[in-house]
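Below is one structure, written out as structure tokens; comments come after it.
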Amino acid sequence: MAAPVFSTPFQPYVYQSPQSDVVPFQILGGEAQIVQIMLKSQDKVIAKHGSMCYMSGSIEMENIHLPEHEAGVWQWVFGKSVKSITFSNPGPNDGFVGIAAPSPARILPIDLANFGGEILCQGVLRQKLIGQGLAFLTAGGSE
């Protein structure tokens, strides 16, 4: 008898960035998606406050206030959180974290290196993402 689909092991999509970083992740779901990111030892990921769905036992969480949130009054007025959360894996074994969109939406993986290390996102407030690596953006609506 075949195993049910929901009990399959983690089979990540492994993204190879031009910077030679390997980020294994898997996007699960249809209209309301979750991105499951595998964190190797000493890896970390930053997410919006309240977006974590689940994580393995080796992952640690920490609330942080990022410098780009200095315009926090406007974010607070529009109902946005001025805090972020860092998920890190201090242990020797691989771990994972599941992060969801705040509302039913698709999750789009974007390699910032393909955009010169900078991208401007438009929503209620504009947000500039600067850096190297992979960013996961949410896009609301349906096809």
Checking Arg106 side chain against Gly30 main chain: does a donor-acceptor pair fall under 3.5 Å?
-> yes
Taking Gln33 for its side chain and Ile107 for its backbone only, find out whether a donor-acceptor pair lies under 3.5 Å.
-> yes
What is the minimum heavy-atom distance between Gln132 and Gly117, and which atoms define it?
-> NE2-CA, 3.8 Å
side-chain contact (heavy atoms from CB on, under 4.5 Å) between Ser84 and Ile46: does it pass, once the steps are laid out?
-> CA-CA 7 Å; Ser84 290; Ile46 299 172; 3.9 Å; yes
Look up atom CD in Glu60 and atom CG in Asn89, then write down how far apart they are to the nearest 0.5 Å.
-> 8.5 Å
Separation of Met61 CE from Lys44 NZ (nearest 0.5 Å) = 16.0 Å
Look at the side chain of Gln42 and the backbone N and O of Pro90, then say whether any donor-acceptor pair between them is shorter than 3.5 Å.
-> yes
Between the CG atom in Asp43 and the OG atom in Ser88, the distance rounded to the nearest 0.5 Å is 10.0 Å
Residues at least two apart in sequence or cross-chain that pass ring-ring contact (aromatic ring centres under 6.0 Å, His included) with Phe87, listed by chain then number, are none
Find the distance between CE (Met52) and CD1 (Ile59) and round it off to the nearest 0.5 Å.
-> 10.5 Å
Could you check if a side-chain atom of Ile110 sits within less than 4.5 angstrom of a side-chain atom of Leu129, using non-hydrogen atoms only?
-> no
Identify the two heavy atoms, one from Leu108 and one from Ala139, that lie closest to each other, and give their separation to 0.1 Å.
-> CD1-CB, 3.9 Å
Say you draw a straight line from CD1 of Ile99 to CD1 of Ile27; how long is it, rounded to the nearest 0.5 Å?
-> 11.5 Å
Work out which heavy atom in Ser56 is nearest to a heavy atom in Gly95; give both atom names and the distance.
-> OG-CA, 3.2 Å
Reported CD1-to-CG distance for the pair Ile130 and Leu120, which is rounded to 0.5 angstrom | 9.5 Å
Ala100 to Ile34 - nearest heavy-atom pair and separation | CB-CG1, 4.0 Å
Between Leu112 and Ile119, which heavy-atom pair has the shortest distance, and what is it?
-> CD2-CG2, 3.5 Å
